[in-house]
2 protein chains.
Amino acid sequence: MPKKTIISMAVIKRLPKYYRYLGELLRNDVERISSKELADRIGFTASQIRQDLNNFGDFGQQGYGYNVRFLYEEIGKILGLTRTYNTVIVGAGNIGQAIANYTNFEKLGFHLKGIFDRNPKLIGISIRDIVIQDVDNLENFLKNNHIDIGIICVPKEQAQKIADIFVRCGVKGIWNFAPTDLSVPEDVIVENVHLSESLLTLSYRLNEAELFKGKTGR
Amino acid sequence: MPKKTIISMAVIKRLPKYYRYLGELLRNDVERISSKELADRIGFTASQIRQDLNNFGDFGQQGYGYNVRFLYEEIGKILGLTRTYNTVIVGAGNIGQAIANYTNFEKLGFHLKGIFDRNPKLIGISIRDIVIQDVDNLENFLKNNHIDIGIICVPKEQAQKIADIFVRCGVKGIWNFAPTDLSVPEDVIVENVHLSESLLTLSYRLNEAELFKGKTGR
DNA sequence: AAAAGTATGTTAAATTATAATCAATAGGTT
DNA sequence: AACCTATTGATTATAATTTAACATACTTTT
């Protein structure tokens with residue numbers, strides 16, 4: 001009977017952070033680390049780290065802690081970094097170009113295979129040796145190339161239309177930078193990056209003290 | 001006795017989303033909306049929306065619901081959008097330029113006052129009429145201009161150094177795009193945008209089903 | 001080789017967050 | 001104007017998440 005393991009989003013969101021910290025420890029030739037010490041560095045509790053990791057396996061040893069390289073590699077596996085991903089970017093504006101130029105993603109195994117835009121001034125230009133194509137070619141391109149992740153960097157009005165094309169062509173992951181919520185079938189994963197929302201969160205927090213000044217308790 | 005109101009981060013992160021949906025309703029000339037209908041649109045529960053809003057005041061009316069314009073404006077106030085913010089961007093690479101070109105933030109009241117980089121090839125170039133300055137001028141600039149939010153778009157190795165300058169010069173909010181965690185005094189607010197972590201979350205979720213295949217229950 | 005020390009994985013408790021319920025009340029209707 | 005309906009804000013219940021506690025087992029020291 002297969003274990004119906006549902007890992008909560010709270011845990012999932014912490015995994016990349018563990019991976020980042022372990023990667024740094026590894027580069028600094030740290031061989032082993034205890035949950036306590038890792039917790040102190042990251043700013044979590046040791047208990048939380050142990051519980052998070054134990055969702056996926058027993059990676060540590062009593063009296064020793066965790067082997068940094070081993071744990072780093074295990075989390076890499078968990079995050080799906082033992083395989084590669086083909087990606088396309090739709091929308092070669094500011095954000096689209098920025099993402100396209102981000103070579104770090106290549107190192108992690110995310111390979112950019114195509115860039116699309118509808119602006120004739122951009123079509124034909126190359127970014128990192130990839131020629132920007134007319135977005136009208138997108139559907140055809142997706143039919144002839146297996147793409148794992150579609151990156152949406154178009155204005156919000158066009159985002160759903162692009163998402164629909166992705167869904168229709170079997171793209172299972174969407175990284176959405178458009179400030180809108182996409183509707184997709186449940187087997188398609190959408191990860192949103194909503195910059196405005198992030199900025200508004202910051203402005204809220206900058207003013208929070210003011211907001212409640214003078215309010216009386218109940 | 002001032003009410004010691006601490007709004008949880010979970011609530012805060014939902015506020016911009018309410019603001020976005022209400023803005024759209026407003027543009028579509030919707031006058032009023034119930035928590036139920038808003039919930040259906042956003043994908044939350046009505047109860048959650050009512051509870052979130054009641055942290056800040058009684059904005060609705062029994063039997064009627066919420067007036068869209070009124071609620072939109074109230075949430076705008078809560079988010080701190082009745083004032084303006086001066087910002088600077090440090091790091092005029094891909095992301096820095098993308099953010100600099102994002103005129104939407106201006107509309108919300110976030111005014112870009114300076115861009116800094118250390119690359120001589122970029123210094124002197126203008127983005128939206130703002131000349132990129134040598135990062136060596138940053139500290140001096142901050143002393144002569146009141147800046148509310150510093151936006152960090154430099155490589156991770158230099159991010160803490162820039163954050164230190166911000167802190168030293170009284171910048172109270174930092175929007176951090178560098179893939180590292182900054183250490184700042186507690187009166188300084190840091191909002192992180194960690195793109196790699198977002199992408200790794202996506203790749204995790206794309207593979208989650210595989211990860212637990214064959215595992216037996218306990 | 002035994003003792004002492006360390007740090008895990010796991011279970012339990014506490015806390016926090018979300019959802020459901022419901023009395024109160026305003027708006028709409030006849 | 002009285003009644004009916006809708007929907008809030010508040011309360012209570014449930015669920016999820018985080019933290020603490022601890023027995024167990026490995027490592028290190030003597």
Side-chain angles (χ1 to χ4, degrees), chain A residues 3-15 17-18 21-22 25 30-72 74-75 78 201 215-218, chain B residues 3-15 17-18 21-22 25 30-72 74-75 78 201 204 208 215-218:
Chain A
K3 185 183 177 183
K4 197 196 172 192
T5 311
I6 297 164
I7 306 295
S8 80
M9 201 49 99
V11 175
I12 297 169
K13 291 278 178 192
R14 283 192 292 267
L15 294 174
K17 202 160 180 174
Y18 295 141
Y21 274 85
L22 288 164
L25 289 169
V30 178
E31 259 183 39
R32 72 185 224 188
I33 194 161
S34 67
S35 58
K36 173 73 169 60
E37 201 192 328
L38 187 57
D40 289 343
R41 288 176 186 249
I42 301 188
F44 294 166
T45 63
S47 189
Q48 178 163 71
I49 292 178
R50 292 203 300 278
Q51 267 207 2
D52 283 352
L53 296 177
N54 286 129
N55 282 303
F56 302 99
D58 298 352
F59 304 125
Q61 276 190 319
Q62 278 108 326
Y64 175 90
Y66 299 88
N67 177 280
V68 172
R69 177 178 302 278
F70 175 72
L71 186 57
Y72 176 77
E74 287 300 314
I75 294 179
I78 293 165
T201 301
K215 292 271 170 70
T216 51
R218 294 181 186 189
Chain B
K3 185 182 176 184
K4 197 196 171 192
T5 312
I6 298 165
I7 307 294
S8 80
M9 201 50 100
V11 174
I12 297 170
K13 291 277 179 194
R14 282 191 293 267
L15 294 174
K17 200 159 180 173
Y18 296 141
Y21 273 85
L22 287 164
L25 289 167
V30 178
E31 257 183 40
R32 70 185 226 188
I33 193 158
S34 67
S35 58
K36 173 73 167 61
E37 200 191 328
L38 187 57
D40 289 344
R41 288 176 188 250
I42 302 189
F44 294 165
T45 63
S47 185
Q48 178 162 74
I49 291 178
R50 291 203 300 278
Q51 264 204 354
D52 283 353
L53 296 177
N54 286 130
N55 282 303
F56 302 99
D58 297 354
F59 303 124
Q61 278 189 319
Q62 279 107 328
Y64 175 90
Y66 299 86
N67 177 282
V68 172
R69 179 179 300 277
F70 175 72
L71 186 57
Y72 177 76
E74 287 300 314
I75 295 179
I78 292 165
T201 301
Y204 170 85
E208 189 170 30
K215 293 271 172 69
T216 52
R218 295 182 183 187

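Lettering follows sequence order; numbering is per chain, from 1. Not measured: the values here are computed from a predicted model.
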Checklist outcome for this item: Atom CD of B/Glu74 and atom P of D/dT8 are separated, to the nearest Å, by 16 Å
Item to check | A/Phe70: side-chain contact (heavy atoms from CB on, under 4.5 Å) partners, not counting sequence neighbours | outcome: A/Phe59, A/Asn67, A/Glu74
Item to check | Contact list for DNA chain C against residues 34-42 of chain A - heavy-atom distance below 4.0 Å | outcome: A/Ser34, A/Ser35
Checklist outcome for this item: B/Gln48 meets the side chain to side chain donor-acceptor pair (under 3.5 Å) criterion, sequence neighbours left out, with none
Checklist outcome for this item: The side chain to side chain donor-acceptor pair (under 3.5 Å) partners of B/Ser35 (sequence neighbours excluded) come to B/Arg50
Checklist entry - With B/Arg14, which residues qualify under salt bridge (Lys or Arg N to Asp or Glu O under 4.0 Å), at least two apart? => result B/Asp52
Checklist outcome for this item: Its contact letters, B for base, S for sugar-phosphate only and - for none at protein heavy atoms under 4.0 Å, make nucleotides 14-22 of chain C read ---SBBBB-
Checklist entry - Partners of A/Asp40 by side chain to side chain donor-acceptor pair (under 3.5 Å), sequence neighbours excluded? => result A/Lys36
Next on the checklist: Suppose we screen for ring-ring contact (aromatic ring centres under 6.0 Å, His included). Which residues come up paired with B/Tyr21, at least two apart in sequence or across chains?
Outcome noted: none
Checklist outcome for this item: Applying side chain to side chain donor-acceptor pair (under 3.5 Å) to B/Tyr204 and not counting sequence neighbours gives B/Glu208
Grab the N/O contacts between the protein and nucleotides 23-30 of chain C below 3.5 Å, and write none if there aren't any.
none

Next on the checklist: In this structure, how many angstroms lie between the P atom of D/dT18 and the NZ atom of A/Lys13, rounded?
Outcome noted: 14 Å
Next on the checklist: Less than 4.5 Å apart, side chain to side chain, heavy atoms only: is that true for B/Thr45 and B/Ile49?
Outcome noted: no
Checklist entry - In whole angstroms, how far is the C1' atom of C/dA7 from the CG atom of A/Leu53? => result 13 Å
Next on the checklist: Can you list everything that forms a salt bridge (Lys or Arg N to Asp or Glu O under 4.0 Å) with B/Arg69? Sequence neighbours excluded, please.
Outcome noted: none
Checklist entry - Taking CG from B/Asn54 and P from D/dT7, how many angstroms apart are they, rounded to a whole number? => result 16 Å
Item to check | salt bridge (Lys or Arg N to Asp or Glu O under 4.0 Å) partners of A/Glu37, counting only residues at least two apart | outcome: A/Arg41
Checklist entry - A/Ile33 CD1 to C/dA7 C1': how many Å, rounded? => result 13 Å
